[in-house]
> 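Okay, handing you the structure first.
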There are 2 protein chains.
Amino acid sequence: MMKIGELSKVTGCSVQTIRHYEKEQLIASAERSEGNFRLYDEAAVEQLLFIKHCRSLDLSLPEIRQLLALNRSPGAQCDDVNRMMDRHIEQVEARIQELTRLNEQLRMLRRSCSNRRTVEQCGILRNLSATPVSSG
Amino acid sequence: MMKIGELSKVTGCSVQTIRHYEKEQLIASAERSEGNFRLYDEAAVEQLLFIKHCRSLDLSLPEIRQLLALNRSPGAQCDDVNRMMDRHIEQVEARIQELTRLNEQLRMLRRSCSNRRTVEQCGILRNLSATPVSSG
DNA sequence: ATAAACTCTATAACAACTATAGAGTCAATC
DNA sequence: GATTGACTCTATAGTTGTTATAGAGTTTAT
């Protein structure tokens, strides 16, 4: 059994984050030592790594909670898992498109000003004052 | 002179957002009517549209505050504006790359499970339990 | 006994809003 | 002139996923 500091080192999650996950019911409340310190076993390491992996894929804490619940009821159909992943992939792709458009606008704006002019002549500020970017 | 509700309609910013911008010093404190209602003129519309335009480009409120300050000192060199835009463009591009990698991993994961299996057999959950995605 | 390193809980901060409560203002209607 | 409804005011809490802090208690080593 290890204390929270060691769990933190092993998993790469900060101590506060682990306590936060407990409060948010992503991991079960840990056993406590006599002195009220949290105690963890290998299963806790596994579960925390699962969560960390999900977070690296930008899954939200509620989404992860749902996955963990499904994981605990092995007889359930996994259509729900698939639906969640599909929705998540859609969101990520929408965000990529959005940022790509944004990037084009920013680069266009950036080309409108070369250095060493005064702000008065700055194409960037002038274009930002005009309402639609595309018309500037 | 218009009240905050009309300014909100004209600019498409919510009433709370306008008050928030005032508190954050992005717009000057508005004049007040006898009954203590905020009163705005056309200049306020312009400035709010400028801010909205910057926000649509994902510029942060501190960045916008800086742009507005530069805008008010027309003699200044606009190198600062350029530097900010370059940094911002870099950030957006980094985020796009990150999300693109993420998307590949999500799609790979999604392919590992077809519908109508039980959770026990679900490739997605199995792969999430394995630590590195790339090896799954 | 004491110091260092660790842990505990509770609370605030971050960003950029959004939502709410409870009170005040204003114009129009009865 | 009282009341209704639409609007506005301030102050405060909630959102998301942490991170940071304060103040106290525990454990380990010296």
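Computed from heavy atoms alone, side chains included, the values below leave out hydrogens, waters and symmetry copies. Values in this document were obtained by computation on a predicted structure and should not be read as measured data. First the proteins, then the strands, lettered A, B, ... as listed; each starts at 1.
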> Using heavy atoms to find the nearest nucleotide of DNA chain D for A:H20 and A:N36 separately, return the residue whose nucleotide is more 5′.
A:H20
> Could you tell me how far apart B:L7 (CG) and D:dC7 (P) are, to the nearest whole angstrom?
15 Å
> Distance check: side-chain N/O of B:R32 vs OP1/OP2 of D:dT10, anything under 4.0 Å?
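Yes, such a contact exists.
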> Can any side-chain N or O of B:H88 pair as donor or acceptor with the backbone N or O of B:L57 at less than 3.5 Å?
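Answer holds: yes.
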> If I take atom CZ in residue A:R19 and atom C1' in nucleotide D:dT18, what distance separates them, rounded to the nearest angstrom?
13 Å
> Answer yes or no: does a side-chain N or O of A:Y21 lie under 4.0 Å from OP1 or OP2 of D:dT18?
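For A:Y21, the contact criterion (side-chain N or O under 4.0 Å from OP1 or OP2 of D:dT18) is met.
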> In terms of side-chain heavy atoms of A:R55, which of C:dT7, D:dT18, D:dT10 is nearest?
D:dT18
> Using a strict 4.0 Å threshold on nitrogen-to-oxygen distance, state whether A:E93 and B:R107 make a salt bridge.
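Yes, A:E93 and B:R107 are salt-bridged.
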> Quick one: A:M2 CE to C:dT7 P, roughly how many Å, whole number?
12 Å
> Give a yes or no on whether a salt bridge exists between A:D80 and A:R83, defined as a side-chain N under 4.0 angstrom from a carboxylate O.
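Judged by the 4.0 Å cut-off on N to carboxylate O distance, A:D80 and A:R83 do form a salt bridge.
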> Going by heavy atoms in the side chains, are A:V15 and A:R19 under 4.5 Å from each other?
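Yes - at least one pair of side-chain heavy atoms lies under 4.5 Å apart.
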> Closest-nucleotide mapping onto DNA chain C: is A:Y40 or B:F37 further toward the 5' terminus? I mean the 5' end.
A:Y40
> Establish, with yes or no, whether the OP1 or OP2 oxygen of C:dA15 is under 4.0 angstrom from a side-chain nitrogen or oxygen of B:S60.
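The answer is no; no side-chain N or O of B:S60 sits under 4.0 Å from OP1 or OP2.
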> Write down the distance between CD (A:Q25) and C1' (D:dG17), rounded to a whole number of angstrom.
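Value for this atom pair: 17 Å.
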> In whole angstrom, what separates A:I18's CD1 from C:dC6's P?
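Between P of C:dC6 and CD1 of A:I18: 14 Å.
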> In terms of the nearest nucleotide of DNA chain C, which residue is placed more toward the 5' end: A:G35 or B:L61?
A:G35
> Is the closest side-chain heavy-atom distance between A:L39 and A:K3 below 4.5 Å?
yes
> So which nucleotide from D:dT10, D:dT19, C:dA16 ends up closest to the side chain of A:Q16?
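Of the options given, the side chain of A:Q16 lies nearest D:dT19.
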> Can you tell me how far C1' of D:dT18 sits from CG of A:L59, to the nearest Å?
17 Å
> Does C:dT9 have OP1 or OP2 under 4.0 Å away from a side-chain N or O of A:R38?
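It does, given that an N or O in the side chain of A:R38 lies less than 4.0 Å from OP1 or OP2 of C:dT9.
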> If you assign each of A:S14 and A:K3 to its closest nucleotide in DNA chain D, which residue comes earlier from the 5' end?
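The residue mapped nearer the 5' terminus is A:S14.
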